[in-house]
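Data first, discussion second: the structure below is written as structure tokens.
Given the structure is predicted, the values throughout are model-derived calculations rather than measurements. Computed over heavy atoms, backbone and side chain alike; hydrogens, waters and symmetry mates excluded.
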Number of protein chains: 2
Amino acid sequence: MTTFYSDIARFPVSVDCVIFGINEGDLSVLLTKRAFEPEKGRWSLMGGFVAPDEGVDQAAKRVLHDLTGLTDIYMQQVGTFGSLDRDPGERVVSVAYCALINVDQTDDSNLRSHNAVWTPLSAMPRLGFDHEEMVSRALQMVKMKFSFEPVAFKLLPQFFTMTSLQQLYETVQGNSIDKRNFRKRALENPCIEKTDLIDKTSSRRGAALFRYNATNFNPDTFRL
Amino acid sequence: MTTFYSDIARFPVSVDCVIFGINEGDLSVLLTKRAFEPEKGRWSLMGGFVAPDEGVDQAAKRVLHDLTGLTDIYMQQVGTFGSLDRDPGERVVSVAYCALINVDQTDDSNLRSHNAVWTPLSAMPRLGFDHEEMVSRALQMVKMKFSFEPVAFKLLPQFFTMTSLQQLYETVQGNSIDKRNFRKRALENPCIEKTDLIDKTSSRRGAALFRYNATNFNPDTFRL
DNA sequence: TCAAAAGTGTTCAGGGTACACCCATGG
DNA sequence: CCATGGGTGTACCCTGAACACTTTTGA
């Protein structure tokens, strides 16, 4: 390859992943306790450097995959953080990504070997670098999308009850929602399908299980 | 400074600016004809490389300032483009920014010396690199913000008529708006203030000039 | 006097919100 | 039989959309 650019600075480029999941009913983020300098011993997001033979988005998927074992995960760029002093080790430009995953599908032993822990948003420790800013920006982005895009289902198992879906919306949006209004709105979306399955774990009566069907998703009418 | 990271790749990081303005009534973008390889002779966004002693956001402001002479300009990150092959010259990671400026305030001679031209969105040529994607993403972002944030005023002169404000909204949103409804909504926002000034250039009767007053801006109620 | 843009209220419908009771079942 | 969560319909209000005529003044 011919190189046209000379005399210009080059920087390490990293990706940092804000990974959201519902753990024990709480909206949580995967955090790791750093095993290396800089910021050794502090909690931080899972990240990694972009390699010469991979795109930046690709690097984010690799980091997520190494940590969780998951592939084909929806990831969204949150933003790029490029202040001079954001990394005390060296000047690094970092691209933050946000992922929404179903906690049940993660490989627990893998998480343990990376010192990764699901941490409820309500009990977040201080994070190293500018990772708190990344988390809050990612959260804000998720909140915005929740009403107009079917992102909630990425956090839930394939089959879920209306109550669990509603609780998820209440958690993320931080308010309480009227049950009847919520169910009415939900069922207006053809992509939310009732199945014949019944969940008996949460009540004596049993609750119908629903499923998200992407085939019936209509981006113009979806609303929740 | 101690360096903790070794054996990792380093890349040139660039910024590219999608600069919107209203030129002769058209929503336009500042494009330049590239004077250097790669992609010499093609139209592209104005960009530059991030220097070792400046933050990424700072670099974007510098590029904008060099081109337009403007300072203190609202710039918003659009996203980071990091595909392997996005730049034929060398692998470059680029952060796209979006700026909204008032065309009247730009230094025309400066623009000329940079081969920069205001180009209506309706007559965009093909752009080099992945700049078309950057423009469309930036435009989408502006459209989203237009209703809920007072960004329109960044494109207009300090004093403006209701009609010009409405035309701007119609242009950006791509629809036509009822005059009475628009004016009613506009005046519900205390940050839009009527002045005693009258513009006689656009009609025999003369139109009242309004002003955006940031002091009275309320982020929770603003709507247009 | 006429052309051209400025300015001004009301009506109606649809969507969103508030609200309370019966059902099914396991223990 | 009772405690627990599941499931259902209606009334009202308010916001957003549709709609037409008068005013001013320079040429």
Any residue meeting ring-ring contact (aromatic ring centres under 6.0 Å, His included) with A:F129, in chain and number order, not counting sequence neighbours: A:H131
A:D199 CG to C:dG26 P, straight-line distance once rounded to whole Å: 13 Å
Which residues share a side-chain hydrogen bond (donor to acceptor under 3.5 Å, both in side chains) with A:R223, sequence neighbours left out: none
Side-chain donor-acceptor contact under 3.5 Å, B:Q173 with B:S147: yes
Set of side-chain hydrogen bond (donor to acceptor under 3.5 Å, both in side chains) partners for B:N110, sequence neighbours left out: none
side-chain contact (heavy atoms from CB on, under 4.5 Å) against A:Q76, all qualifying residues, sequence neighbours excluded: A:Y74, A:M141, A:K145
Sequence-distant partners of A:F182, ring-ring contact (aromatic ring centres under 6.0 Å, His included), two or more places apart: A:Y169
Partners passing side-chain hydrogen bond (donor to acceptor under 3.5 Å, both in side chains) against B:S44 (at least two apart in sequence or in another chain): none
Tabulate protein N/O versus nucleotide N/O from nucleotides 12-16 of chain D, keeping only pairs under 3.5 Å, one per line.
none

Nucleotide D:dG6, atom P - distance to CG of A:L187 in whole Å: 15 Å
Qualifying residues under side-chain contact (heavy atoms from CB on, under 4.5 Å), relative to B:S83, sequence neighbours excluded: B:D85, B:R86
Within residues 204-224 of chain B or reaching into it, pairs that qualify as ring pair (Phe, Tyr, Trp, His ring centres under 6.0 Å) - sequence neighbours excluded: B:F153-B:Y212, B:F217-B:F222
Residues in contact with DNA chain D, drawn from residues 159-172 of chain B - heavy-atom cutoff 4.0 Å: none
Footprint string (nucleotides 18-27 of chain D, 5' to 3'): B base within contact, S backbone only, - free, heavy atoms under 4.0 Å: BBB--BBBB-
A:L224 CG - C:dT17 P separation (whole Å): 12 Å
Protein-nucleotide distance (A:R183, atom CZ; D:dT10, atom P), rounded to Å: 17 Å
A:E170: partners by side-chain hydrogen bond (donor to acceptor under 3.5 Å, both in side chains), with sequence neighbours left out: A:Q166
